[in-house]
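Residue numbers begin at 1 in each chain, while the letters A, B, ... track the order of the sequences.
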There are 2 protein chains.
Amino acid sequence: MSISKAALSRIPRYLNFLKSLPEDGPVNISSTMIAEKLGLNQVLVRKDIAIVGNGGKPKIGYNRAELIADIEHFLGYDHASDAVIVGAGNLGKALMAYGNFKKYGLNIVAAFDQNPKLIGSKIAGKYVYDIAKIEELCRKFKVRIGIIAVPAPEAQTVCNHLIDGGIRAIWNFAPINLYVPKKVVVKNEDMAASLAVLSKMLTESLQQYGED
Amino acid sequence: MSISKAALSRIPRYLNFLKSLPEDGPVNISSTMIAEKLGLNQVLVRKDIAIVGNGGKPKIGYNRAELIADIEHFLGYDHASDAVIVGAGNLGKALMAYGNFKKYGLNIVAAFDQNPKLIGSKIAGKYVYDIAKIEELCRKFKVRIGIIAVPAPEAQTVCNHLIDGGIRAIWNFAPINLYVPKKVVVKNEDMAASLAVLSKMLTESLQQYGED
């Protein structure tokens, strides 16, 4: 990977910020301005942007529209990738209802669940299929990305079916370590773990700085 | 902090796993078994559990019910903390609809939004208040945790109001670095950044291992 995960995580922030500026605002923007507004170090911002764009001009800065296009291309937002989601429970429904993924280059094309009451229904415009059809339909839809939103004990089985269906990237919301072949990539998202960290931080802050 | 963030992130997984076992299953469980099922190192598991529980007995393992109670107490799940959420757009709605936070010790008591169409309505059983009332109502509800689910350009202002209302822990879903006083803790959750990382990992894996 020619770019660090930390740098990569900052790139979408630059995009968000650039897009938040008024259409009729200044044509150019400086790295100083971006750094200040996002609470980041200016040198860091300049280095990050050098990876994705043409680097801007001294004393003028970056052309905003060009930089937006460069970042969108770099992140693949200009050609959304199709994905399927497995698990149409609370979390799955929430992810399907979240309308912003397309903006981030992810297009959820279908959902899978084992609940007969959900199979055949539509959630946020996406059809829910029988979980038994994961392999067949992933191949048919030619999707590469699978989102796992099932309870932990079922996640590995679901993961195996996705991989059998040709999935190469897994966004895992189940709180479990998945075993995958080397060619499959996994990004874990653990809400319970995040909450545990936040809650401990809060307890310690209240002890250290008092209740007020 | 007497426990590392990495260890802390694993604790909810143990709980999830322990609770996933059948009620009428074995009374005791070994660290070997837990490690195996979660794909973790056994020594690591034993060290983690020693922080939260009584450590178990040699050759017998941990009493499952006791360990569940110990972990729930450690994570604060046995006394849910109240929280408010600001932003009742797609992401905010999704978070409110996600029914599992209570299980994780987080109880969302109210939402705030600036959209007149949403103010006064109920989403997933939670009342949506005018964003102008953040400070007043946070103090009234005596909440300590605020969830930020507004667009990046509005996040800092919202954050300031929450802090003025006595909020001490912020779960931030806006893709921006927040400035907070030392006594306030922040946990950032950046979906776009996660997706960017996943998508780059996929591209590189397809290049390295081919399309099949």
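One finds a salt bridge joining K19(B) and E72(B) here, because a Lys/Arg side-chain nitrogen approaches an Asp/Glu carboxylate oxygen to under 4.0 Å.
Counting heavy-atom pairs closer than 4.5 Å to chain B, the top residue among G105(A), A196(A), S81(A), A152(A) is A196(A). No other option in R13(A), Q208(A), K183(A), K187(A) has as many heavy-atom pairs under 4.5 Å with chain B as R13(A). When L206(A), T203(A), N188(A) are compared by the number of non-hydrogen pairs under 4.5 Å with chain B, L206(A) comes out ahead. The candidate with the highest count of non-hydrogen atom pairs below 4.5 Å against chain B, out of G210(A), P153(A), S194(A), is S194(A).
Put simply, the side chain of R144(B) never gets that close to the backbone of A83(B): no donor and acceptor are under 3.5 Å apart. Counting only distance, with no hydrogens or angles, the side chain of D70(B) and the backbone of G53(B) share no donor-acceptor pair below 3.5 Å. Side-chain atoms of R139(A) come within 3.5 Å of backbone N or O of D164(A) as a donor-acceptor pair.
With no hydrogens or angles considered, no side-chain donor-acceptor pair links N28(B) and Y62(B) at under 3.5 Å.
Expressed to the nearest 0.5 Å, how far CG of L118(B) lies from CG of D113(B) amounts to 5.0 Å.
Heavy-atom distances place both the backbone and the side chain of F74(B) under 4.5 Å from chain A. Heavy atoms closer than 4.5 Å to chain A are found in the backbone of K37(B), but not in its side chain. When heavy atoms are compared at a cutoff of 4.5 Å, I170(B) approaches chain A solely by way of its backbone atoms N, CA, C and O. Within the 4.5 angstrom heavy-atom criterion, atoms from both the backbone and the side chain of E211(B) approach chain A. Within the 4.5 angstrom heavy-atom criterion, only side-chain atoms of L106(B), from C-beta onward, approach chain A.
The 12-atom threshold is exceeded at CD of Q42(B), counting heavy atoms of other residues, nucleotides or ligands nearer than 6.0 Å.
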